[in-house]
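One structure is given here, and the rest of the page talks about it.
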Protein chains: 2
Amino acid sequence: MARRNEHSKPELRALAIGTVRTLVAEQGLEKLSVREVARRLGYAPAMLYHLFDNLDDLILHVNADTLDSLLDRMDAASGMENPEAALTAMAHYYLDLSRAQTPLWQLVFEHRMANGAEVPAWYARRTRSLFLIVERQLQRLAPWATEEERRLGARTLWGGLHGICVLQANNKLDVAGDADPRAMVDSLLRHYLADWSATTNRSPGDASRHGDGA
Amino acid sequence: MARRNEHSKPELRALAIGTVRTLVAEQGLEKLSVREVARRLGYAPAMLYHLFDNLDDLILHVNADTLDSLLDRMDAASGMENPEAALTAMAHYYLDLSRAQTPLWQLVFEHRMANGAEVPAWYARRTRSLFLIVERQLQRLAPWATEEERRLGARTLWGGLHGICVLQANNKLDVAGDADPRAMVDSLLRHYLADWSATTNRSPGDASRHGDGA
DNA sequence: AGCCCTTTTGAACACTGTTCAGAAGGCGTG
DNA sequence: CACGCCTTCTGAACAGTGTTCAAAAGGGCT
């Protein structure tokens, strides 16, 4: 019962990743287990440990695929002439992923490493570039802003977007009346960007930027 | 080995909730288990099922306590004369909780019910009042805004704040250089509120609200 | 003293991720 | 062709999880 050799090791890895994707998409996060993935593949559970270090490692590979497709779409939008429109398109991709592929999205953003281990470099690179893409648009939007201001702005804006997606994915929005996540995202982008780009081209300590300070 | 009767049923419930709080605060979410809670209480695991329906029910009671103390502090801030200052104070409470009590905060906001069950009404009431408190401040800030606008604004603003806290709690901010969560929260509130309160007192379809509309 | 009724438990069930000795099978060499 | 090697793969076990339930243990009442 060894070496059927129907597939090479990289093929098996891709097969396992795909199995997790469909399993999670179909049944949700709770049904994901090593034994179920192995069962669907037609192998014994222990075999998966020859392809990946452990379940966390397998999940990280699945998440890398998800992030890659998200980053690809965001990169494609970064070429738009209007940076505000580019950011809006990117935010919509982000939100759409959390809506259309909620379990896969949760697997990316709500999975925690066991025993508090650090995420490997090949994975951290992807999350890092997410913020970089946003920063690049902020630079186009307000070239006068300092790098520090751009970094803060990108993290604030995308952190805020992330929060809306989190609430959406967890069905926390229909409590006390429905709220349209799309409208929330648009509201966040429009209002935040408007005042951010309008006020960051002043000296940092200028308290009178809003007309009447305090 | 039955009926020591050292404590009444409500006392035991409070004891169990307290045990979970200290256990989670000390060891983190991963170490929380029925068996460990029972061990610390000096009882057999099965006894806990006479106090609570299941682990989810116990966790919900713990979370209700956490939410109550948060809501109390937010309520206290709602009396400030400046609604913008009140919202800022509330947001800082929210962030501080996610920083000083990260595991307890995660237990509240990242715990999902098993088998997708609905949260009970006595719990949903608390999460609902969180948004209501924010809406009340938005009403003071922009009395001319419609209820619809206030609801959208409150969810957008607090969803955004929530996202920053999520990133903070998951250590996703120090990727690619540290970002101060406090500065992010302040940035979000200042910029969003400034443009939100400045533009919501127009007719809904007014495209020229930002001076030059695209 | 005997009964009842609540409180509490031990043991079991069905899961989970992970490890590891050893089996199974393809491949190169004698 | 046969032998041995080496990779692939598995079965079984370990330690853990939430949950259930018959039965035991003990306090209170008649």
Side-chain angles (χ1 to χ4, degrees), chain A residues 1-17 19-20 23-24 27-63 103 106-107 110-117 119, chain B residues 1-17 19-20 23-24 27-63 103 106-107 110-117 119:
Chain A
M1 56 191 57
R3 171 77 62 93
R4 318 180 206 178
N5 244 352
E6 294 167 352
H7 304 284
S8 69
K9 210 160 173 175
E11 277 177 344
L12 275 176
R13 259 190 271 261
L15 238 47
I17 291 172
T19 302
V20 171
L23 169 59
V24 167
Q27 315 252 27
L29 283 185
E30 304 78 21
K31 297 298 179 189
L32 171 59
S33 73
V34 174
R35 281 174 168 86
E36 176 63 18
V37 174
R39 200 190 61 75
R40 292 197 175 205
L41 282 172
Y43 284 87
M47 193 273 293
L48 285 168
Y49 289 84
H50 286 265
L51 304 176
F52 304 95
D53 293 346
N54 45 43
L55 181 58
D56 267 2
D57 185 32
L58 171 53
I59 290 177
L60 246 44
H61 278 84
V62 173
N63 290 348
Q106 290 173 325
L107 199 63
E110 297 182 39
H111 173 256
R112 252 187 300 283
M113 304 294 293
N115 60 42
V119 295
Chain B
M1 58 190 60
R3 172 78 64 92
R4 323 182 200 176
N5 243 353
E6 293 165 353
H7 305 282
S8 71
K9 208 159 175 175
E11 277 177 343
L12 274 177
R13 259 190 270 260
L15 239 45
I17 291 172
T19 300
V20 171
L23 169 59
V24 167
Q27 315 253 27
L29 284 185
E30 304 78 21
K31 297 298 179 187
L32 172 59
S33 75
V34 175
R35 283 174 167 84
E36 176 62 18
V37 174
R39 201 190 59 75
R40 292 198 174 204
L41 282 172
Y43 283 87
M47 194 273 291
L48 286 168
Y49 289 84
H50 285 261
L51 305 176
F52 304 95
D53 292 347
N54 46 40
L55 181 58
D56 267 2
D57 186 32
L58 171 52
I59 289 177
L60 247 45
H61 278 84
V62 173
N63 290 348
Q106 289 174 324
L107 199 63
E110 296 182 40
H111 173 255
R112 254 187 301 282
M113 304 294 294
N115 59 44
V119 295

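Just so we're clear, the structure is a prediction, and the values are computed from it rather than from any experiment. Chain naming here is simple, since letters A, B, ... match the order of the sequence lines and numbering starts at 1 in each.
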Whole-Å distance between [N] [atom2] and [X] [atom1]?
| X | N | atom1 | atom2 | value |
| --- | --- | --- | --- | --- |
| A/Leu41 | D/dT10 | CG | C1' | 15 Å |
| B/Leu29 | D/dG18 | CG | P | 13 Å |
| A/Leu48 | C/dC20 | CG | C1' | 16 Å |
| A/Glu11 | D/dT7 | CD | P | 19 Å |
| A/Tyr49 | C/dA21 | OH | C1' | 17 Å |
| A/His50 | C/dG22 | NE2 | P | 15 Å |
| A/Asp57 | C/dT19 | CG | P | 12 Å |
| A/Asn54 | D/dA15 | CG | P | 20 Å |

Nearest of [options] to any side-chain atom of [X]?
| X | options | result |
| --- | --- | --- |
| A/Met47 | D/dC9, D/dC21, C/dT18 | D/dC9 |
| B/Arg35 | C/dT7, D/dG11, C/dA12 | C/dA12 |
| B/Ala46 | C/dT18, D/dT19, C/dG10 | C/dG10 |
| B/Tyr43 | D/dT10, C/dT18, C/dT9 | C/dT9 |
| A/Ala44 | D/dG11, C/dT16, C/dG10 | D/dG11 |
| A/Leu55 | D/dT20, C/dT18, D/dT10 | C/dT18 |

> Base, sugar-phosphate, or nothing: which does B/Leu12 touch, judged by heavy atoms less than 4.0 Å apart?
Replying inline: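 The answer is sugar-phosphate, as B/Leu12 gets under 4.0 Å only of primed atoms, P, OP1 or OP2.
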> Quick one: does B/Arg40's side chain have a donor or acceptor within less than 3.5 Å of a partner on B/Thr19's backbone?
Replying inline: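 Not confirmed, B/Arg40 side chain does not pair with B/Thr19 backbone.
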